[in-house]
Amino acid sequence: MPALSAQYSPKDNEEAIYKKWEASGAFQPNADTLKAGKKPFVVMLPPPNITGVLHMGHALQDTIMDILVRWHRMQGEPTLWMPGTDHAALPTNKIIVDQLFAEGKTKEDIGREAFIEKTEEWYEKTGALILNQMKRLGASCDWSRERFTMDTKYVQSVNETFLQYYKKGYIYRGARIVNWDPKTQTTVSDLEIDYKTEKAPLYTFQYGPFQISTSRPETKFGDKYVVMHPDDARYAQYKHGDTFTAKWINGEVMATVIKDDSIDMKFGTGVMTITPWHDVTDFEIAQRHKLPMEQIIDFEGKLLPIAGEFAGMKIEAARPKIAEKLEQMGLLVSVNKKYEHNVALNDRGKGVIEPQVMRQWFVDMSKLKEEAIAVAKDGQVRFVPSRWKEHFITWMENVHDWNINRQIWLGHRLPVWWKKGAHGTENEEGNFVVSVEKPKGDYEQDPDTLDTWFSSALWPFATLGWPEQTEDLKTFYPTSVLVTAREILYLWVARMVFSGLELAGNIPFKDVLIHPVVLAKNGQRMSKSLGTGVDPLELIEAHGADATRFGLMHQMSFDMQQMKFDPEAIRSAQNFANKLWNIARLLDGLEDREQVTIADQWIASRAQEISQEVSVLLTEYKIGEAARLLQDFVWSDFADWYVEIVKKEGSTSIARGVFADILKMLHPFMPFITEVLWEHSGNTDMLITSQWKFESHSKSDAAHDTVQQMDLFRSAVSAIRSARILFGVSMGSTVEVYIPEGVAMPESFERMAHARIVGEKKETMRSYPIATGGVLFLHSDEITSEALEKGRALLDARAQKIEAEITAVTQIVSTMEGRAPEEKVKEKKDQLVELQKQLQDIQDSRALLVL
RNA sequence: GGGCGAUUAGCUCAGUGGUAGAGCAAUUCGUUUACACCGAAAAGGUCGGGGGUUCGAAUCCCUCAUCGCCCACCA
């Protein structure tokens, strides 16, 4: 056995271990257990953007998945962690457009085909860098199954989905109001809009007999309807459908009164005019009352000819000029300059959204959402933490039809073919064919591409071969757990649920784990521009992958919504890894011994308890708690106490057995170092595929009082250490102690306490109480009178504190009696007895102090 | 506007009805050959404020405050 170095070096081990795992085929689902019909454990990696790099959110998420996957693999389940990447249409599109811009070109200059070629080159060049970064973290994905949302098979799945939805009548084309981003020239989903509060003047104008307010006078050219609440007494004289003439920007208009419930009577004058083409609420009102609509602003954000003299102007420039003209016409009633309203911005690129009525493709959600709601309600799909269940259901209940086409070139093109010249014109109807292949005749493909989420919604089954009924699909679908961030709960998770149910005929996953958002320690979002970003690869470089993983888990709990990341946790985890390493070094150096001590029995039974607790915690996804429990056990019990004993006495085989159990329990959390040490201790099989079964279980049938004896031992050693400091006795000098009859101590007692046990209690001995089981006396010539005085004061203080507590508890017991459950009262009484015993100990000690 | 979450030691956080916990930092001591990426000891908290339920509340309920997030988008 080669000697271990004094410190663990992650860099010298991680790469080699990873290669070994990969070469062994351990990352692939085990063929034997599959054949034996064992139920597989399956996790889909939420496909990161192919052009992305690993950030702390990924590191957290990937660690959680890897822990679950490794743990299930060790339980002998066929385990599949399916990796892959997403084509990231919008960000990649922007990258390519920017590249072209730098060359002084536009995408139109080079044409669609050349553009697609360029993107393919880009994908080729960047590769799936992020997946390789995951390997650094130790992710045990089945790389042989890696997929990309734009690979040939995946494109087929996407097309098939479109076709099936269309056949079922879920996909329709309709003129609807959508979020148009003039900057990037595409529609944007509701979920991908950010609202920013901005100050803008709120103008109030005279409009016929009414006063109307608006922050957007530039949209008001075509307004011909005034809307008010039917119950608004102020306007009771006006009836629905009444008409009147109003002086307006470009001359007189004939306007009509509309009564609608959606009007807020308390806002402004309670009357508004509507611009259905450019406002969602107005659009809905117009639809309800079947009112005509007219476009005022074009797709570039410029005013159309309806604006008369303002035609062709950008809206931002036109706004004050229009207000000015209305003022000159004497129509401006007032301006509120402090008015605040929300401006809709595109998440990506931050273009200001201009709602437009456009002919678009939609998925009718009415039936799909019911299916998804049902499986959330009956718990087939479970959310952790459970509060997300309600969020999910509420969102689903209110979901609108899904606008699925985007006006960018990058992405999955719609399998829709238009008769030449028909697309985008008034006579669209009936002039298209939905088909993967180009139909015979003069057809051209719809220029639009699909929303990225349309394709990612298929991830759990498309990656397994759907629509073909492949072996993989039959074996691994539905998957077990989805681990994801809450920001894509609606965008992605919800859509996977209904897509899975509708297309693959089953839920896509059973449990959805929503992990916290990783923030910088000061609570700010992690971002490069703020300088708050932390690069997980740098952490791995500096502290090792195991420490990075363990540190993250040590800090994490699924109950958190955000996790303020403290890099200190990683350093601390590195120390822990090193501790583990050095325990192994010590055990290496021990000669074999077989006699069993109470310490051996104690540690074996502790290990058994811990392994059971860890299993329970992991079943409940309490990964952070499991990590904390393990660290505490290894460091505080195993290293600080047991190892100190077993280095001189006891059974080395139990020590090594329990240590092997520790390596197993820690392996899901710290895969590299545990694998290195496992191999080092002579195992021929690999830890990654070893069984989640523990040696200590067979050796832990210790007598019940073993634990009590060890407690006594530990508190005795601690008490002597405290007393030593209290009485000013240096560590160098050995103190004499008397231990009462019948108390068994491991031989190591004298060594660890720096004490010598003397046969009988001496009159001159100074005494000191210990927490359990009687009084322990200690003697040393170094104890001075001043030290004794100090000690006495301290004992007095303690006695007082306990007396106070006894008074309090006595009171509680008397009030509890007859009211609280009997066992609870008994607990309290036991506590009282315990307190009184402690007080007696202290008083005894106090009495024996010879000054 | 609606909803959710957080508020516990200097910092990051555990702890869901029974004597307030960990890691890190700060303090004191210790070069005991596994580890100074260590060990030992001691210190540190009216559990955000107020009210209620209960024999008993960090924990359950109400309320207020502060911070954060999600949803909705109001002319």
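Just so it is clear: chains get the letters A, B, ... in the order the sequence lines come, proteins before strands, and each one is counted from 1. Excluded from the calculations below are hydrogen atoms, water molecules and symmetry mates; all remaining heavy atoms, backbone and side chain alike, are included.
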**Student:** Can you check the distance between A65(B) and U27(B), where both ends of the measurement are the P atom (answer in whole Å)?
**Tutor:** 41 Å

**Student:** Under the criterion salt bridge (charged side-chain N to carboxylate O under 4.0 Å, His left out), I'd like the reasoning laid out for Lys647(A) against Glu644(A): C-alpha separation, chi angles, the key distance, then a yes or no.
**Tutor:** CA-CA 6 Å; Lys647(A) 63 163 67 158; Glu644(A) 281 304 324; 3.2 Å; yes

**Student:** Over all strands shown, is Thr394(A) touching base, sugar-phosphate only, or nothing at heavy-atom distances under 4.0 angstrom?
**Tutor:** nothing

**Student:** Quick one: is Lys521(A) getting a side-chain N or O under 4.0 Å of the C13(B) phosphate, OP1 or OP2?
**Tutor:** no

**Student:** So which nucleotide from A34(B), A72(B), A42(B) ends up closest to the side chain of Asn342(A)?
**Tutor:** A72(B)

**Student:** What interatomic distance, in whole Å, is found between P of G48(B) and the corresponding atom of C11(B)?
**Tutor:** 14 Å

**Student:** For the residue pair Ala655(A) and Phe638(A), what are the closest heavy atoms and their distance?
**Tutor:** O-CZ, 3.9 Å

**Student:** Apply the side chain to side chain contact (heavy atoms under 4.5 Å, CB included) test between Phe565(A) and each candidate in Leu539(A), Leu519(A), Leu60(A); give the one that qualifies.
**Tutor:** Leu539(A)

**Student:** Using a 4.0 Å heavy-atom cut-off, does Ala639(A) contact any base of the nucleic acid, only the sugar-phosphate backbone, or nothing at all?
**Tutor:** base

**Student:** Could you tell me whether Tyr8(A) and Trp581(A) have their ring centroids closer than 6.0 angstrom?
**Tutor:** yes

**Student:** If I take atom CZ in residue Arg486(A) and atom C1' in nucleotide G68(B), what distance separates them, rounded to the nearest angstrom?
**Tutor:** 9 Å

**Student:** Taking the side chain of Gln562(A) as its heavy atoms from C-beta onward, which of C38(B), U32(B), G68(B) lies nearest to it?
**Tutor:** G68(B)

**Student:** Roughly how many Å apart are G44(B) and G3(B), using the C1' atom of each and rounding to a whole number?
**Tutor:** 38 Å

**Student:** Look at all strands and tell whether Glu568(A) reaches a base, only sugar-phosphate, or nothing, counting heavy atoms closer than 4.0 Å.
**Tutor:** sugar-phosphate

**Student:** Can you figure out which of U12(B), A34(B), A40(B) approaches the side chain of Asp566(A) most closely?
**Tutor:** U12(B)

**Student:** Using 30° and 60° as the class boundaries, would you call the ring planes of Trp248(A) and Phe205(A) parallel, tilted or perpendicular?
**Tutor:** perpendicular

**Student:** Considering only atom P, compute the distance from C67(B) to C62(B) and round it to an integer number of Å.
**Tutor:** 23 Å

**Student:** When you measure from the side-chain N and O atoms of Asn575(A) to the phosphate of C38(B), is any distance below 4.0 Å, counting only OP1 and OP2?
**Tutor:** yes

**Student:** What interatomic distance, in whole Å, is found between C1' of A20(B) and the corresponding atom of A14(B)?
**Tutor:** 12 Å

**Student:** Mind pulling the stems RNA chain B is in, i.e. runs of at least three Watson-Crick or G-U pairs, everything under 3.5 Å?
**Tutor:** B:1-7 with B:65-71, B:10-13 with B:21-24, B:27-30 with B:38-41, B:48-52 with B:60-64

**Student:** Can you measure Ile514(A) atom CD1 to C70(B) atom C1' for me and round it to whole angstrom units?
**Tutor:** 12 Å

**Student:** Compare the minimum distances between each of A34(B), C73(B), A42(B) and the side chain of Thr281(A), then state the nucleotide with the smallest one.
**Tutor:** C73(B)

**Student:** Rounded to whole angstrom units, what separation is found between the CG atom of Asp632(A) and the P atom of A14(B)?
**Tutor:** 17 Å

**Student:** How many whole angstroms separate atom CG of Asp559(A) from atom C1' of U59(B)?
**Tutor:** 14 Å

**Student:** Taking only side-chain N and O atoms of Lys647(A), does any of them lie within less than 4.0 angstrom of OP1 or OP2 on A34(B)?
**Tutor:** yes

**Student:** Going through the distances and angles, do Glu568(A) and Lys521(A) end up as a side chain to side chain contact (heavy atoms under 4.5 Å, CB included)?
**Tutor:** CA-CA 10 Å; Glu568(A) 198 54 45; Lys521(A) 193 180 169 182; 5.9 Å; no

**Student:** I want to verify a distance call: between C35(B), C4(B), A40(B), whose nearest atom is closest to the Asn582(A) side chain?
**Tutor:** C35(B)

**Student:** Are Asp223(A) and Thr275(A) close enough, and set up right, to give a side chain to side chain donor-acceptor pair (under 3.5 Å), and what steps lead you there?
**Tutor:** CA-CA 6 Å; Asp223(A) 288 10; Thr275(A) 313; 3.0 Å; yes

**Student:** Strictly below 4.0 Å: does Ser722(A) bring a side-chain N or O up to OP1 or OP2 of A42(B)?
**Tutor:** yes

**Student:** Report the C-alpha distance between Arg714(A) and Asp640(A) in whole Å, list the side-chain angles of each, state the deciding distance to 0.1 Å, and finish with yes or no for salt bridge (charged side-chain N to carboxylate O under 4.0 Å, His left out).
**Tutor:** CA-CA 10 Å; Arg714(A) 294 203 292 172; Asp640(A) 287 347; over 6 Å; no

**Student:** Distance check: side-chain N/O of Ser718(A) vs OP1/OP2 of A41(B), anything under 4.0 Å?
**Tutor:** yes

**Student:** Within the 4.0 Å heavy-atom criterion, would you say Ile263(A) contacts the bases, only the backbone, or no part of the nucleic acid?
**Tutor:** base

**Student:** Output yes when a side-chain donor or acceptor of Asp260(A) lies under 3.5 Å from a complementary backbone atom of Ile285(A), and no otherwise.
**Tutor:** no

**Student:** In whole angstrom, what separates Arg721(A)'s CZ from A41(B)'s P?
**Tutor:** 5 Å

**Student:** Does Gln555(A) make a side-chain donor-acceptor contact with the base of A14(B), cut-off 3.5 Å?
**Tutor:** no

**Student:** Answer with base, sugar-phosphate or nothing: what part of the nucleic acid does Ser215(A) contact at a heavy-atom distance below 4.0 Å?
**Tutor:** sugar-phosphate

**Student:** Which heavy atom of Ala520(A) sits nearest to which heavy atom of Met526(A), and what is that distance?
**Tutor:** N-CG, 3.7 Å

**Student:** Categorize Lys564(A) for me: base, sugar-phosphate, or nothing, with a 4.0 angstrom heavy-atom threshold over every strand shown.
**Tutor:** sugar-phosphate

**Student:** Taking the P atom in each of G23(B) and G17(B), what is the distance between them to the nearest angstrom?
**Tutor:** 25 Å

**Student:** Here's a test of your reading of the structure: between Gln561(A) and Leu191(A), which maps to the more 5' nucleotide of RNA chain B?
**Tutor:** Gln561(A)

**Student:** Can you label the angle between the Trp395(A) ring and the Tyr490(A) ring as parallel, tilted or perpendicular, going by 30° and 60°?
**Tutor:** parallel

**Student:** In whole Å, I'd like the distance from the NZ atom of Lys266(A) to the P atom of G1(B).
**Tutor:** 12 Å

**Student:** Round to a whole Å and report the spacing from NZ of Lys622(A) to P of C13(B).
**Tutor:** 19 Å

**Student:** If you pin Ala584(A) and Arg571(A) to their nearest nucleotides in RNA chain B, which one's is more 5'?
**Tutor:** Arg571(A)

**Student:** Applying a 4.0 Å non-hydrogen cut-off, can you work out what Trp388(A) is touching in the nucleic acid: base, sugar-phosphate, or nothing?
**Tutor:** nothing

**Student:** Taking the P atom in each of C13(B) and A6(B), what is the distance between them to the nearest angstrom?
**Tutor:** 13 Å

**Student:** Considering only the C1' atoms, how many Å lie between U16(B) and C47(B), rounded to the nearest integer?
**Tutor:** 14 Å

**Student:** Would the base of C35(B) count as contacting Asn578(A) through its side chain, where contact means a donor and an acceptor less than 3.5 Å apart?
**Tutor:** no

**Student:** Regarding Glu644(A), tell me which of base, sugar-phosphate or nothing describes its non-hydrogen contacts under 4.0 Å with the strands shown.
**Tutor:** base

**Student:** Would you indicate, yes or no, if G39(B) has its OP1 or OP2 atom less than 4.0 angstrom from a side-chain nitrogen or oxygen of Trp635(A)?
**Tutor:** yes

**Student:** Tyr490(A) OH to A72(B) C1': how many Å, rounded?
**Tutor:** 12 Å

